[in-house]
Amino acid sequence: MTASVPTHNTKRLLFVVSAPSGTGKTSLCSKAVQEVPNLTFSISHTTRAPRQGEQNGKNYFFVTSKEFRDYVACNRMAEWTEIYGNCYGTTKETIQQGFEKGFDILFDIDEWGARQITEAYPDAVTILVLPPSFEALKKRLINRRTDNEESVRTRLKKAKEEIKKMSWYQYVIVNDSFKEAAGHLKSIIAAERCKNNHDFIKALIND
Ligand code: 5GP
């Protein structure tokens, strides 16, 4: 063996992370992108208003309903969905740009989006983040103060239905201790990168 064997797969990977809201999924995704080399976050387009502290082009691309409709009409969306009256979607350019930079891409999207991504990219890795309990989920939703009482009730009711729909995901991370959950996410990424569909071995076999 020479020193030029790549340390892991050179094939680009897609990691799709979904969870009911308030599960801490966005913080987990941010931590992974900060700490895992060659991993980038897929920045979605949305018609929802920015929350306090959210920046255009960092957390989301905030667009008008008309702009979003135009993207869909021009077939620029790799996937999109409507949640609580707002549209969310990933453009094909976002994925393309990530690949061109040589990055694996992490998606923080819902189950419907995950289905669309896995149809287009069957090797996409799907990861479900669960709260340790529904009581804990309720507390988190209240504490983050971004939803009013009615919105918390709606999100909690939806959480159970959402989890049932996401039973097909490949990996499950329970976010009880953030540190442990973040470690699990990084481990999944590392394991998937080490899977044996290694270009080096393939080239050797075909030599
Ligand atoms: P929030 O409004 O709390 O940021 O996000 C609400 C939901 O929209 C979350 O479940 C999040 O994963 C999902 N979401 C965010 N961006 C996208 C996207 O581009 N596509 C899809 N399908 N869902 C998204």
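Ligands are counted one by one from 1 in listed order, and the atoms in each one are counted from 1 as well. No hydrogens, no waters, no symmetry mates; every other heavy atom, side chains included, goes into these values. Heads up: numbering here begins at 1 and tracks the sequence.
Near T90, meaning under 4.0 Å from one of its heavy atoms, ligand 1 places the atoms 19 (O). The contact set between ligand 1 and G113, taken as ligand atoms under 4.0 Å from a residue heavy atom, comprises 22 (N). Close approach of ligand 1 to R48 (heavy-atom distance below 4.0 Å) involves ligand atoms 1 (P), 2 (O), 4 (O).
Protein heavy atom in closest approach to atom 3 (O) of ligand 1: R51 NH2, 3.0 Å. In this structure, atom 4 (O) of ligand 1 lies nearest to the protein heavy atom Y60 OH, 2.5 Å. Protein heavy atom at the shortest distance from atom 20 (N) of ligand 1 is E79 OE2, 2.7 Å. Atom 23 (N) of ligand 1 has D110 N, 3.2 Å as its closest protein atom, hydrogens excluded (heavy atom only). Shortest contact from atom 7 (C) of ligand 1 to any protein heavy atom: I83 CD1, 3.5 Å. Of all protein heavy atoms, the one closest to atom 16 (N) of ligand 1 is S44 OG, 3.1 Å.
No part of E82 comes within 4.0 Å of ligand 1, judged by heavy-atom distances. Using a 4.0 Å cut-off between heavy atoms, W80 makes no contact with ligand 1 at all.
Considering every non-hydrogen atom in both F62 and N56, the closest pair reads N-OD1, 2.8 Å. Across all their heavy atoms, A181 and N175 have their closest contact at CB-OD1, 3.6 Å. In terms of heavy-atom proximity, Q55 sits nearest to N59 at N-OD1, 2.6 Å. Of all the heavy atoms in I105 and G98, the pair that sits closest is CD1-CA, 4.0 Å.
Note on ligand 1: Y84 sits outside its first shell, no heavy atom being nearer than 4.0 Å. Using 4.0 Å as the threshold, K25 has a heavy atom nearer than that to some atom of ligand 1. For the pair H45 and ligand 1, no heavy-atom separation below 4.0 Å is found.
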query: Is there a salt bridge (Lys or Arg N to Asp or Glu O under 4.0 Å) between E192 and K195 once you walk through the steps?
result: CA-CA 5 Å; E192 288 292 332; K195 263 201 171 155; 3.4 Å; yes
message: Checking E111 against R115 for the salt bridge (Lys or Arg N to Asp or Glu O under 4.0 Å) test, could you report, in this order, the C-alpha distance in whole Å, the side-chain angles of both residues, the deciding distance, and whether it holds?
response: CA-CA 6 Å; E111 193 265 350; R115 275 186 196 274; 2.6 Å; yes
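For the pair K31 and F178, the NZ or CZ position fails the cation-pi test of under 6.0 Å to the six-membered ring centre and within 45 degrees of the ring normal.
The closest side-chain donor-acceptor pair between Y169 and S18 falls under 3.5 angstrom.
Residue T81 has no N or O atom closer than 3.5 Å to an N or O atom of ligand 1. Polar contact with ligand 1: absent for E54 (N/O pair, distance under 3.5 Å). For Y88, a nitrogen or oxygen atom sits less than 3.5 Å from a nitrogen or oxygen atom of ligand 1, counting backbone and side chain alike.
W80 has its side chain within reach of F68: a pair of non-hydrogen atoms, C-beta onward, lies under 4.5 Å apart.
Atom OH in Y60 sits 10.5 Å away from atom OG1 in T47 (nearest 0.5 Å). Taking NZ of K11 as the reference point, atom CZ of F99 lies at 9.5 Å (rounded to 0.5 Å).
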